[in-house]
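In this chain, residues are counted from 1 in sequence order.
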Amino acid sequence: MKVETFLNLIGSDFYTGIPDSQLKALCDYLMNTYGIHSKHHIIAANEGNCVALASGFYLATGKIPVVYLQNSGEGNIINPIASLLNDKVYAIPMIFIIGWRGEPGIKDEPQHIYQGKITNEILETMGIPYFIIGKETTEEEVRLAMSNFFKVLADGRSVAFVIRKGALSYGQKPVYRNSYIMRREEILQHIVTFSGEDPLICTTGKASRELFEIRTANSQSHKYDFLTIGSMGHCSSIALGIATQKPNTRIWCIDGDGAVLMHMGALAVLGAIAPQNLIHIIINNSAHETVGGMPTVANQIDLAMIAKACGYPNTVTVNNFEELDIELKEARSRHELSLIEVKASIGAREDLGRPTITVLENKRNFMNYLNSLK
């Protein structure tokens with residue numbers, strides 16, 4: 001189904017969400033039509049943030065908003081749905097559009113399998129009626145679903161469309177780019193050179209996939225790395241938990257701008273504790289690249305200064321490899337919490353592979369290595 005047809009049937013004029021590869025047609029359409037943030041469309045920091053924004057729209061206009069998300073973000077919307085939207089509280093209605101990663105019977109990555117299994121169970125538990133849209137779903141079927149949904153929405157309750165892979169289409173293919181020159185994979189190669197055999201925690205998405213391939217190309221063990229699949233926004237907190245228990249071991253954390261924005265409170269906790277053995281690197285391409293490349297607001301803020309305000313004693317932003325190597329060397333030599341924001345271009349190799357070991361093997365090898373250190 002064409003995304004324009006789908007949205008015409010929904011009839012909303014406000015959308016907020018977190019980009020998802022399963023919803024790329026929707027995301028590209030909204031970006032082309034409204035941009036990253038306007039009175040009609042806002043790419044938010046996390047899914048709970050989206051629900052709050054949509055609630056504000058409803059309170060101001062009385063109109064039904066739309067929140068789009070990958071099903072992995074359902075956990076972030078449970079609290080505001082249960083404590084704010086619920087018809088026994090403020091009875092704020094909205095329409096959720098949920099990309100169904102890990103649908104049972106469809107091959108997907110490990111982090112999506114269980115989430116895919118319980119996607120609709122979560123909606124049922126929260127009392128949210130849903131309609132599944134696939135490639136064969138007709139316009140008339142969606143029109144009928146919306147007719148039924150309007151009755152639910154009128155009672156101050158929410159509804160959801162669950163979107164199967166390839167269900168929505170959009171004729172235009174926008175190209176997302178920025179003006180930075182350093183490729184993320186090359187940045188990771190520099191980091192690996194300086195981190196040596198130190199434990200390294202890497203954020204979800206293409207960064208972890210690239211790191212795995214770099215280790216393979218270098219004939220290095222994968223035991224040094226914990227690849228945070230899923231749990232977007234939490235790798236720095238995982239790194240902090242490790243750093244506090246291994247104070248004599250230097251810990252490296254590779255983060256992304258979208259992940260940092262999703263749970264920025266982690267910066268405040270890190271800055272307050274300020275572990276002397278942690279190096280926090282944010283690769284900032286100002287995009288949700290792994291799920292399609294839609295922009296984040298990270299090009300409009302200073303992440304290094306934010307970290308400084310949160311208590312990080314050492315923060316810096318670099319734009320080229322010469323600066324990067326200098327700052328990596330400095331961070332490695334000091335005994336204080338350090339943050340390096342690295343401005344990166346958007347893009348990855350077309351033939352980028354995926355880890356060839358299981359996630360349980362990754363955990364076991366990493367834990368065994370950690371246990372061998374002081």
**Item:** His288 side-chain N/O to Ile18 backbone N/O, donor-acceptor pair under 3.5 Å
**Value:** no
**Message:** If you define the side chain from C-beta out and look only at heavy atoms, does anything of Asn368 sit under 4.5 Å from Lys223?
**Reply:** no
**Request:** Could you check if a side-chain atom of Met31 sits within less than 4.5 angstrom of a side-chain atom of Pro295, using non-hydrogen atoms only?
**Result:** yes
**Prompt:** Is it true that the side chains of Asn284 and Ser286 contain a donor and an acceptor less than 3.5 Å apart?
**Reply:** yes
**Hydrophobic cluster membership, Val192 vs Met182, 4.5 Å side-chain cutoff** = yes
**Request:** Not counting sequence neighbours, list each pair that qualifies as a ring pair (Phe, Tyr, Trp, His ring centres under 6.0 Å) and has a residue in residues 313-339.
**Result:** His190-Phe321
**Message:** Closer than 4.0 angstrom, basic N to acidic O: yes or no for Arg349 and Glu213?
**Reply:** yes
**Item:** Pairwise side-chain contact, Leu211 with Leu200, heavy-atom cut-off 4.5 Å (strictly under)
**Value:** yes
**Message:** Applying a strict under-4.5 Å side-chain criterion to I, L, V, M, F, W and Y, I'd like to know whether Leu153 and Leu7 cluster together.
**Reply:** yes
**Message:** The test is side-chain contact (heavy atoms from CB on, under 4.5 Å); show your working for Phe96 and Leu123 and say whether it passes.
**Reply:** CA-CA 10 Å; Phe96 292 96; Leu123 294 173; 5.9 Å; no
**Asked** Is it true that Val3 and Met146 fall in one hydrophobic cluster, defined by side-chain heavy atoms closer than 4.5 Å?
**Response** yes
**Prompt:** Does Thr228 reach the main-chain N or O of Thr203 with its side chain, forming a donor-acceptor pair under 3.5 Å?
**Reply:** no
**Asked** Hey, does Leu352 have a side-chain heavy atom less than 4.5 Å from the side chain of Glu210?
**Response** yes
**Prompt:** Mind checking whether Ile98 and Tyr130 have side chains closer than 4.5 Å, heavy atoms only?
**Reply:** no
**Item:** Salt-bridge contact Glu185-Arg183 (side-chain N to carboxylate O under 4.0 Å)
**Value:** yes
**Item:** Whether His222 and Phe212 hold their rings parallel, tilted or perpendicular, with breakpoints at 30° and 60°
**Value:** parallel
**Prompt:** With no hydrogens and no angle check, is any side-chain donor or acceptor of Ser169 less than 3.5 Å from a backbone partner on Ala167?
**Reply:** no
**Prompt:** For the rings on Phe161 and Phe6, is their centre-to-centre separation under 6.0 Å?
**Reply:** yes
**Item:** Any donor-acceptor N/O pair, Asn46 side chain to Met262 backbone, under 3.5 Å
**Value:** yes
**Asked** Honestly curious: do Val260 and Ile273 fall in one hydrophobic cluster under the side-chain, below-4.5 Å linking rule?
**Response** yes
**Asked** Which pairs, with at least one residue in residues 343-374 and sequence neighbours excluded, count as a ring pair (Phe, Tyr, Trp, His ring centres under 6.0 Å)?
**Response** Tyr224-Tyr369, Phe226-Phe366
**Message:** Below 30° counts as parallel, above 60° as perpendicular, anything between as tilted: where do the rings of His234 and His263 land?
**Reply:** parallel
**Prompt:** Has the side chain of Thr290 got a donor or acceptor atom that lies under 3.5 Å from a matching backbone atom of Lys206?
**Reply:** yes
**Item:** Donor-acceptor under 3.5 Å (Asn277 side chain, Lys246 main chain)
**Value:** yes
**Message:** Do Phe57 and Lys63 have side chains that approach each other closer than 4.5 Å (heavy atoms only, starting at C-beta)?
**Reply:** yes
**Item:** Side-chain (Thr137) to main-chain (Gly134) donor-acceptor, under 3.5 angstrom
**Value:** yes
**Prompt:** Going through the distances and angles, do Gln22 and His112 end up as a side chain to side chain donor-acceptor pair (under 3.5 Å)?
**Reply:** CA-CA 12 Å; Gln22 206 93 314; His112 297 298; over 6 Å; no
**Message:** Between Asp225 and Arg215, does any side-chain N to carboxylate O distance fall below 4.0 Å?
**Reply:** yes
**Request:** Check whether any side-chain N or O of Arg157 sits under 3.5 Å from a backbone N or O of Met94 as a donor-acceptor pair, and report yes or no.
**Result:** no
**Prompt:** If we only count heavy atoms from C-beta on, is the Tyr312 to Ser338 side-chain gap below 4.5 Å?
**Reply:** no
**Asked** Does atom CZ of Arg334 have more than 12 heavy-atom neighbours, drawn from other residues, nucleotides or ligands, at distances under 6.0 Å?
**Response** yes
**Fill in**
Only residue of Val316, Val342, Thr317, Val318 satisfying side-chain contact (heavy atoms from CB on, under 4.5 Å) with Glu323 is Val318
**Prompt:** So, for Gly256 and Ile282, which heavy atoms are closest and what is the spacing to 0.1 Å?
**Reply:** C-CG2, 4.0 Å
**Message:** side chain to side chain donor-acceptor pair (under 3.5 Å), that's the test. Do Gln115 and Glu74 meet it? Break it down for me.
**Reply:** CA-CA 9 Å; Gln115 183 70 52; Glu74 280 184 315; 3.1 Å; yes
**Prompt:** Which of these passes side-chain hydrogen bond (donor to acceptor under 3.5 Å, both in side chains) with Ser21: Gln70, Arg101, Lys165?
**Reply:** Arg101
**Asked** Looking only at atom types and distance, does a side-chain atom of Tyr180 sit under 3.5 Å from a main-chain N or O of Arg177, one as donor and one as acceptor?
**Response** no
**Request:** Would you confirm whether Thr16, through its side chain, and Ile42, through its main-chain N or O, come within 3.5 Å as a donor-acceptor pair?
**Result:** yes
**Message:** Is it the case that the ring center of Phe14 lies less than 6.0 angstrom away from the ring center of His40?
**Reply:** no
**Asked** Do Asn71 and Glu103 come within less than 4.5 Å of each other through their side chains, counting heavy atoms only?
**Response** no
**Request:** Kindly work out whether a path of hydrophobic side-chain contacts (I/L/V/M/F/W/Y, heavy atoms less than 4.5 Å apart) joins Leu240 to Leu339.
**Result:** yes
**Asked** Which atom pair, heavy atoms only, marks the closest approach of Thr296 to Gly258?
**Response** CG2-CA, 4.1 Å
**Prompt:** To the nearest 0.5 Å, how far apart are SG in Cys235 and CG in Asp255?
**Reply:** 3.5 Å
